[in-house]
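Encoded as structure tokens, the structure appears first; notes follow it.
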Amino acid sequence: MGALRVWRWISETWRPGFGAGVRRRDAGFGTEARRRSQPQASNKSKDPVEDQPFPGLLRTENLGVEELVDVLKAAVVDQKGPLVTLSKPQGLPVTGMGTGRPGELTLLSVLPQLSQALGLGHRELQVVRAPGKEASGLVLLSGCPQTASRLQKFFAHSRRSQRPTATYCAITDGVPEPSEGTVSVALKLERMDGINLAVPVASPSRKDILEGVKRTLSHFHVMATGCGCALVQLQPLTVFPSQLQVHMALQLCPVLGDHTYAARVGTVLGQRFLWPATTTKPQTQVLDEALLKRLRLSPSQVAQMPLHLHLQRLLLPGTRSRDPPSELLAPVPSYFSRTLQCLRLSQK
């Protein structure tokens, strides 16, 4: 199975089920994270590899307002005064801007009800930090404008200083070469078939920058490899929609479950190449037969595969200016853990 260091990194506090817990180090914005009680697993529970192909995957688009609020309340893993941390399910949009269908529920749309459900009274929560719709992982919410402002300033200052505050883990189809490095590329949003897609821009001009082109930067580090796939640690140093997915596609190693940007990576005679981003439309990710067999998936199940991109760690400012940052850690979802087991990832 995976090497001990890898499993400690990705699942030190993992327990079956969604939102199973978060480990917090160094009391900064509060003391030890409050643990919520979780349902006890049956002694007769199946091996996750033998169970359904995507265990723990929640289809939030099928939920009503009250049901979604209940899900998010159960996903709260830390609440200290006005600061709330939860583990967002994959597929839940944060806002409806350019990502959702008309009338689709979003995290933002149910924050008033979630504030009431958490007993915050008149203090309505606002989003401070969250992964994109297709990713899972840590979300920071605050019911205090001063706290939200302090956190936003901390994140902005860290970006300017090129100090990463967010760490994602991803499983990629392919192994990035070299195993560690940075991806730096200018991106713009372009409308295609009714959705906004991130498109690389070569040698952007000053006019391009003024018109919305943004230079993006991410660090990546291959933590483990197996069966032609990789467990990759990703640390974005800029903020742009789908930045990490595009960066991995540019490395010819799209994230598993990326049904938007993986189509830009083609293969001829075993060699990968990039199709033009401006003419390549999103489609269900294509996986080779050997990988499907390893993942124990049928070709028809690939379309339901969730994006294997998880915001696992966030750094927060210390209580006082001289205090070191505190750290929030969230375990990966159950379907992510199942994929790791299927691929038998081992330390590189």
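Along the sequence shown, residues carry numbers from 1.
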Under a single-linkage definition using a 4.5 Å side-chain heavy-atom cutoff for Ile, Leu, Val, Met, Phe, Trp and Tyr, are Leu315 and Leu141 assigned to the same hydrophobic cluster? no
Test your reading of the model: is there a side-chain donor-acceptor pair from Gln152 to the backbone of Val128, 3.5 Å cut-off? yes
Are Tyr261 and Trp275 connected into the same hydrophobic cluster when the rule is that any two of I, L, V, M, F, W, Y join if their side-chain heavy atoms are below 4.5 Å apart? no
Any chance you could measure Cys169, atom SG, to Leu234, atom CG, to the nearest 0.5 Å? 8.5 Å
Under the criterion side chain to side chain contact (heavy atoms under 4.5 Å, CB included), I'd like the reasoning laid out for Val232 against Met223: C-alpha separation, chi angles, the key distance, then a yes or no. CA-CA 5 Å; Val232 184; Met223 301 295 293; over 6 Å; no
For Ser218 and His247, test the side chains for any donor-to-acceptor distance below 3.5 angstrom and give the result as yes or no. yes
Do the side chains of Pro241 and Asn196 get nearer than 4.5 Å, heavy atoms only? no
Quick one: are Pro282 and Leu197 in side-chain contact, heavy atoms under 4.5 Å? yes
Do Gln235 and Thr167 have side-chain atoms, one donor and one acceptor, less than 3.5 Å apart? yes
Donor-acceptor check, side chain of Arg264 to backbone of Lys281, threshold 3.5 angstrom: yes or no? no
Worked check of side chain to side chain donor-acceptor pair (under 3.5 Å) between His221 and Ser179: CA-CA 6 Å; His221 177 59; Ser179 61; 5.5 Å; no
Stepwise side chain to side chain contact (heavy atoms under 4.5 Å, CB included) check, Cys229 with Leu291: CA-CA 9 Å; Cys229 295; Leu291 183 53; 3.7 Å; yes
I'd like to know if Leu189 and Leu187 are part of one continuous hydrophobic network [Ile/Leu/Val/Met/Phe/Trp/Tyr, side-chain heavy atoms within less than 4.5 Å]. yes
On a heavy-atom basis, the closest approach of Ala263 and Gln283 is CB-CG, 3.6 Å
Heavy-atom closest contact (Phe220 atom, Pro178 atom, distance): CE1-O, 3.2 Å
Spell out, as yes or no, whether a donor-acceptor pair under 3.5 Å connects the side chain of Thr216 to the backbone of Val185. yes
Pairwise side-chain contact, Leu63 with Asp70, heavy-atom cut-off 4.5 Å (strictly under): no
Verify side chain to side chain contact (heavy atoms under 4.5 Å, CB included) between Arg159 and Phe155, making sure each step is shown before the conclusion. CA-CA 6 Å; Arg159 284 194 296 271; Phe155 292 136; 3.9 Å; yes
What is the distance from atom NZ of Lys133 to atom OG1 of Thr106, rounded to the nearest 0.5 Å? 10.5 Å
To the nearest 0.5 Å, tell me how far Glu180 CD sits from Gln233 CD. 8.5 Å
How long is the gap from CG on Leu237 to CG on Leu217, to the nearest 0.5 Å? 5.0 Å
Could you check if a side-chain atom of Leu292 sits within less than 4.5 angstrom of a side-chain atom of Pro299, using non-hydrogen atoms only? yes
For the side-chain contact (heavy atoms from CB on, under 4.5 Å) test, which of Leu111, Leu107, Leu118 pairs with Leu72? Leu107
Side chains of Leu309 and Leu244 in contact at under 4.5 Å (non-hydrogen atoms): yes
Looking at side-chain heavy atoms only, is the closest gap between Thr267 and Asp288 below 4.5 Å? no
Between the main-chain N or O of Leu92 and the side-chain N or O of Lys88, is there a donor-acceptor pair closer than 3.5 Å? yes
Heavy atoms, side chains only, cut-off 4.5 Å: are Val77 and Leu86 in contact? no
In terms of heavy-atom contacts, Ala277 and Met192 come closest through O-CE, 3.9 Å
Going from CG on Leu274 to OG1 on Thr280, what distance comes out if it is rounded to the nearest 0.5 angstrom? 9.0 Å
Return the CD to CZ distance between Gln301 and Phe54, rounded to the nearest 0.5 Å. 6.0 Å
For Arg294 and Cys342, the nearest pair of non-hydrogen atoms, with its separation, is CD-O, 2.7 Å
Would you say Gln116's side chain and Gly121's backbone share a donor-acceptor pair under 3.5 angstrom? yes
State plainly whether the residues Lys73 and Glu66 are in salt-bridge range, i.e. N to O under 4.0 Å. no
Would a distance-only check, ignoring hydrogens and angles, find a side-chain to backbone donor-acceptor pair under 3.5 Å from Glu211 to Asp208? no
Just checking, is any N or O donor in the side chain of Thr165 or Arg129 under 3.5 Å from an acceptor N or O on the other one? yes
Under 4.5 Å between any side-chain heavy atoms of Leu311 and Val139, yes or no? no
Closest non-hydrogen atom pair, Phe240 against Gly212: CE1-O, 4.4 Å
Side chains of Gln243 and Thr238: do they bring a donor and an acceptor to under 3.5 Å? yes
Can any side-chain N or O of Ser337 pair as donor or acceptor with the backbone N or O of Pro333 at less than 3.5 Å? no
Would you find a donor on one side and an acceptor on the other, under 3.5 Å apart, between the side chain of Gln285 and the backbone of Val255? yes
Side chain Ser149, main chain Pro145, donor-acceptor under 3.5 Å: no
Treating Ile, Leu, Val, Met, Phe, Trp and Tyr as nodes and any side-chain heavy-atom pair under 4.5 angstrom as an edge, say whether Val127 and Val69 lie in one connected cluster. yes
Can you hop from Val286 to Val265 via hydrophobic side chains spaced under 4.5 Å? no
Evaluate Thr85 against Gln79 for side chain to side chain contact (heavy atoms under 4.5 Å, CB included), listing each step before the verdict. CA-CA 6 Å; Thr85 307; Gln79 183 175 354; over 6 Å; no
If you take all heavy atoms of Pro236 and Ala166, which pair is closest and at what distance? CD-O, 3.6 Å
Can you tell me if Arg272 uses its side chain to pair, donor with acceptor, with the backbone of Leu252 under 3.5 Å? yes
Using a distance-only test with no angle check, is there a side-chain donor-acceptor pair under 3.5 angstrom linking Ser298 and Ser300? yes
Paired with Ser136, the side-chain hydrogen bond (donor to acceptor under 3.5 Å, both in side chains) test is passed by just one of His310, Gln90, Gln312, namely His310
